[in-house]
Amino acid sequence: MATVAFLGLGVMGYPMAGHLKNKGGHDVTVYNRTQAKAEKWVAEHGGTSARTPAEAAKDKDFVFSCVGNDDDLRQVTTGKDGAFAAMKKGAIFIDNTTASAEVARELAAAAAERGIGFLDAPVSGGQAGAENGILTVMVGGDEVTFDTARPVIDAYARMVGLMGSAGAGQLTKMINQICIAGLVQGLAEGIHFGKKAGLDIEKVIEVISKGAAGSWQMENRHKTMNAGKYDFGFAVDWMRKDLGICLDEADRNGARLPVTALVDQFYKDVQALGGKRWDTSSLLARLEK
Ligand SMILES: NC(=O)c1ccc[n+]([C@@H]2O[C@H](COP(=O)([O-])OP(=O)(O)OC[C@H]3O[C@@H](n4cnc5c(N)ncnc54)[C@H](OP(=O)(O)O)[C@@H]3O)[C@@H](O)[C@H]2O)c1
């Protein structure tokens, strides 16, 4: 059993922290900016809540975070009352936020100066993956730190991979999002076309999902797309944040991402339709408007 702090109890962090406590059997202290969520978590799972990231992180073996973007991450680590200044030497910070590779490298260096280990460890698998403790975790960092943290990460994961040095976890997550962007647009166009052609979408998907067109998005999203339901899942605002990170990185490394750039603009249209918090499968709503 380890002493663990978890910073950020959102859609993802709340259940992930729960698995660290219940499945991992760790002693968990939680911090959330809106304190009521931390109190709710403690009422549900036990453990302790803290009022600042520093208070939560003090003397812990492992400190996890799952917040919004680069700036949020800087706030909870190196900002005022941030975790880093309070962490003991030899402790490990594991960041599950989807953020840039740049901030991962910056924080890995800041952590090393203080004798703390740092892993960028973004996740894939969505809300259901977090709730069921079966996330895919893409990790950047050094091997010794990874080997020490891995048994703890396992509490909320089905697949954990060390992808390379600091930032490599975030770069892998970028590839994940690049692959999803074009795929969801293709799925939206397929369903849109099927409706126009007067076919039974359920029947179409039942058949083609077993062939070469099958995908996680097809299996898990076709029903709600067909019903025009988008008030759940992975928010369009978050996807635009992620695609922005991919496009910035592509500017630096020279990769060409024409479809990713186009789909990012399609998501801008969805935001304008009022879909900022809609699931990413709402690309279909844009075609049907
Ligand atoms: N949802 C998904 O399906 C999914 C899947 C994979 C990856 N992700 C990534 O995981 C991260 C979290 O996503 P989520 O869906 O859990 O988001 P969310 O529900 O909006 O939760 C965000 C959490 O971060 C906290 N936070 C934000 N800014 C903060 C700051 N400046 N200081 C302290 N706390 C701050 C929020 O606190 P408050 O409660 O006070 O707002 C909240 O606890 C994002 O990077 C997202 O891209 C999400």
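Reckoned from all heavy atoms, side chains included, excluding hydrogens, waters and symmetry mates. Each ligand, and each atom within it, is numbered from 1 in the order the structure gives.
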Mind checking what makes ring pair (Phe, Tyr, Trp, His ring centres under 6.0 Å) contact with Phe84, not counting sequence neighbours? Phe93
Non-neighbouring partners of Ile92 that pass side chain to side chain contact (heavy atoms under 4.5 Å, CB included), sequence neighbours left out: Phe62, Ile94, Leu119, Thr145, Thr148, Ala149
So does Asp27 pair up with Lys21, basic N to acidic O under 4.0 Å? no
Check this for me, if you would: do Asp71 and Arg74 make a salt bridge, where the nitrogen-to-carboxylate-oxygen distance has to be below 4.0 angstrom? yes
Expected list for residues 244-252: side-chain donor-acceptor pairs under 3.5 angstrom, two or more places apart:
| from | atom 1 | to | atom 2 | distance (Å) |
| --- | --- | --- | --- | --- |
| Glu249 | OE1 | Arg252 | NH2 | 3.2 |

Does Arg286 qualify as a cation-pi partner of Phe266, given the criterion of NZ or CZ under 6.0 Å from the six-membered ring centre and within 45 degrees of its axis? yes
Give every pair formed by an N or O atom of ligand 1 and a protein N or O atom closer than 3.5 Å, one pair per line with both atom names and the distance to 0.1 Å, or write none.
| from | atom 1 | to | atom 2 | distance (Å) |
| --- | --- | --- | --- | --- |
| ligand 1 | 16 (O) | Val11 | N | 3.1 |
| ligand 1 | 16 (O) | Met12 | N | 2.9 |
| ligand 1 | 17 (O) | Trp238 | NE1 | 3.3 |
| ligand 1 | 19 (O) | Val11 | N | 2.9 |
| ligand 1 | 28 (N) | Arg33 | NH1 | 3.3 |
| ligand 1 | 28 (N) | Asp72 | OD1 | 3.3 |
| ligand 1 | 28 (N) | Asp72 | OD2 | 3.3 |
| ligand 1 | 31 (N) | Asp72 | OD1 | 3.1 |
| ligand 1 | 31 (N) | Gln75 | OE1 | 2.8 |
| ligand 1 | 39 (O) | Asn32 | ND2 | 2.9 |
| ligand 1 | 39 (O) | Lys37 | NZ | 2.6 |
| ligand 1 | 40 (O) | Arg33 | NE | 3.1 |
| ligand 1 | 40 (O) | Thr34 | N | 2.9 |
| ligand 1 | 40 (O) | Thr34 | OG1 | 2.5 |
| ligand 1 | 41 (O) | Arg33 | NH2 | 2.9 |
| ligand 1 | 43 (O) | Leu9 | N | 3.1 |
| ligand 1 | 43 (O) | Gly10 | N | 3.3 |
| ligand 1 | 43 (O) | Asn32 | OD1 | 2.6 |
| ligand 1 | 45 (O) | Val67 | O | 3.2 |
| ligand 1 | 45 (O) | Gly68 | O | 2.8 |
| ligand 1 | 45 (O) | Thr98 | N | 3.1 |
| ligand 1 | 45 (O) | Lys241 | NZ | 2.9 |
| ligand 1 | 47 (O) | Lys241 | NZ | 2.8 |

